[in-house]
Amino acid sequence: MNFIFNYMQKYDYENLFLCQDKALNFRAIIAIHDTTLGPATGGCRMWRYDNEIDAIEDALRLARGMTYKYAAAGVNLGGGKAVIMGDPNLKDREPIFRTLGKFINRLGGKYITGEDVGTTLKDMEYIRMETEYVVTLPTYLGGAGDIAPMTAFGTIRAMQACCNRVYGSDSLAGKKVAVQGLGAVGHNVVAQLHELSADLMVTDIDPIKVDAMVSKYGVQQLAPDAIYNAKYDIFCPCALGSIINDETLNQLQCKIICGAANNQLAEERHGELLEKKGMVYAPDYITNAGGTIFDTDRLGTGSVSHERGKEKVSRIYENIQRVFEIADRDHIPTYLAADRMAEERIRKIAEVKKYVDDLKP
Ligand code: NAD
């Protein structure tokens with residue numbers, strides 16, 4: 001059976017590390033996709049996988065996603081991901097995360113980890129006890145702290161680029177925007193859009209979060225299922241993946257889809273269908289890169305600078321514009337243009353890197 005090597009060859013992965021400690025019942029996977037641009041970087045996920053193949057596949061898939069995300073964002077990092085097979089609600093976390101830290105340290109900086117689904121900033125502190133190769137950290141440990149406001153800011157920059165394409169102006173004033181999901185990112189999106197005088201509609205499955213936004217900003221509320229066929233200009237998904245699917249495509253009437261949620265297209269063909277319906281889609285991994293751009297900014301510079309980090313996040317506007325240019329140039333949907341943009345950058349920087357500084361034999 002060559003399942004794993006076939007998969008790694010198909011998408012050109014570099015390494016896959018399996019890490020285990022019997023006494024701690026510790027099992028983790030570190031996948032490294034591509035380090036052309038820099039060290040493989042990407043969060044650590046902790047999840048109850050049904051079997052190890054599912055876990056390996058998840059680590060590989062997520063690592064490749066990070067390669068594209070950094071490449072398209074203009075960041076000099078490669079793609080990697082760690083996955084711990086375990087209960088994300090585990091109470092005694094220190095031994096597990098310090099063990100992962102030990103394994104990451106062995107890689108000598110080839111992989112840099114961070115927070116992801118099922119892990120917390122506290123877990124990153126445990127990893128930091130064993131290795132310096134961890135990026136997501138609280139401010140008191142020299143990290144960027146909560147990055148959701150920057151993910152929200154990047155999402156709004158992407159939305160402004162979409163408005164420019166559709167309406168010929170960046171302005172969000174008076175634009176009807178429907179925000180789905182009012183969690184860490186969504187509530188920051190609402191706050192920032194309110195500042196920009198957008199006309200807001202919101203939904204969440206948690207009524208407490210909806211009430212908080214209604215009372216704070218006077219926004220209109222929608223039932224979770226009512227968001228798809230309501231009338232608005234911009235749909236901003238900030239909750240779940242796969243919300244662009246056969247069912248919702250029949251209901252959506254907006255001009256722009258631009259939100260922070262990961263994996264918004266249920267299948268790639270839904271990206272083609274959006275195009276056919278004349279809707280402008282801001283590819284999710286370009287739109288939601290703000291948090292990680294801000295978070296990793298200190299890696300090249302040694303310290304967190306809010307101003308410098310925000311300036312870099314702001315360039316998501318230009319990144320989305322470049323996606324539109326490639327989509328127009330190659331007559332392809334925007335989700336494909338995003339991949340092409342990332343691949344073109346990796347190819348060109350690989351050319352640059354062949355000129356090594358030291359030519360000693
Ligand atoms: P979160 O868990 O804090 O918030 C998600 C919110 O969505 C919750 O309030 C939840 O109640 C709500 N929700 C769930 N199902 C819903 C439904 N059917 N209808 C309406 N609301 C629903 O998560 P988050 O950190 O805000 O992330 C939101 C999305 O953005 C996720 O897809 C995440 O992967 C992506 N993302 C987040 C970041 C970040 O910086 N946090 C960065 C990149 C991408």
Side-chain angles (χ1 to χ4, degrees), residues 41-45 47 58 61-62 65-66 68-70 72-73 75 79 81 88 114-121 124 135-138 143-159 178-193 200-214 219-230 235-245 247-248 251-252 257-266 282-297 309-310 313 316 319 338:
T41 307
C44 167
R45 180 166 289 198
W47 202 245
D58 207 26
R61 189 179 55 83
L62 293 165
M66 293 310 296
Y68 279 76
K69 190 165 197 155
Y70 288 128
V75 172
K81 209 83 182 184
E115 197 183 350
D116 198 83
V117 175
T119 59
T120 65
L121 276 186
M124 299 305 117
V135 63
T136 322
L137 286 171
D146 179 15
I147 57 169
M150 281 297 166
T151 304
F153 175 60
T155 302
I156 285 167
R157 291 296 287 150
M159 207 177 272
V179 182
Q180 179 187 45
L182 303 170
V185 179
H187 87 267
N188 278 296
V189 165
V190 170
Q192 294 178 31
L193 283 173
L200 288 156
M201 302 172 175
V202 302
T203 192
D204 198 290
I205 48 171
D206 181 346
I208 296 173
K209 290 181 180 168
V210 176
D211 290 349
M213 293 294 106
V214 171
V219 296
Q220 187 188 334
Q221 60 175 302
L222 293 167
D225 286 342
I227 193 146
Y228 300 110
N229 63 6
F235 177 38
C236 180
C238 294
L240 312 166
S242 298
I243 33 79
I244 311 293
N245 52 49
E247 201 180 318
T248 59
Q251 302 175 54
L252 289 166
I257 298 176
C258 177
N262 272 313
N263 306 317
Q264 290 170 32
L265 303 175
D284 45 17
Y285 71 82
I286 306 222
T287 301
N288 68 23
T292 191
I293 292 172
F294 188 73
D295 195 21
T296 55
D297 174 56
K310 190 172 180 188
V313 176
I316 287 178
N319 297 342

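Excluded from the calculations below are hydrogen atoms, water molecules and symmetry mates; all remaining heavy atoms, backbone and side chain alike, are included. Whatever order the structure lists them in is the order used to number ligands and atoms, beginning at 1.
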* For residues Trp47 and Asp58, determine if any side-chain heavy atom of one lies less than 4.5 Å from a side-chain heavy atom of the other. => no
* Distance (rounded to the nearest 0.5 Å) between Gln221 CD and Asp211 CG -> 6.5 Å
* Asked: What does the list of residues with a heavy atom under 4.0 Å from ligand 1 look like, ordered by chain and number?
  -> Ala148, Thr151, Gln180, Gly181, Leu182, Gly183, Ala184, Val185, Asp204, Ile205, Lys209, Cys238, Ala239, Leu240, Ala260, Ala261, Asn262, Asn288
* Taking the side chain from Thr203 and the backbone from Ile227, do they hold a donor-acceptor pair closer than 3.5 Å? -> no
* Asked: Going by atom types alone, do Asn245 and Thr248 pair a side-chain donor with an acceptor below 3.5 Å?
  -> yes
* Residues which pass salt bridge (Lys or Arg N to Asp or Glu O under 4.0 Å) with Lys81, listed by chain and number, not counting sequence neighbours -> Asp116
* Mind checking whether Asn288 and Asn262 have side chains closer than 4.5 Å, heavy atoms only? -> yes
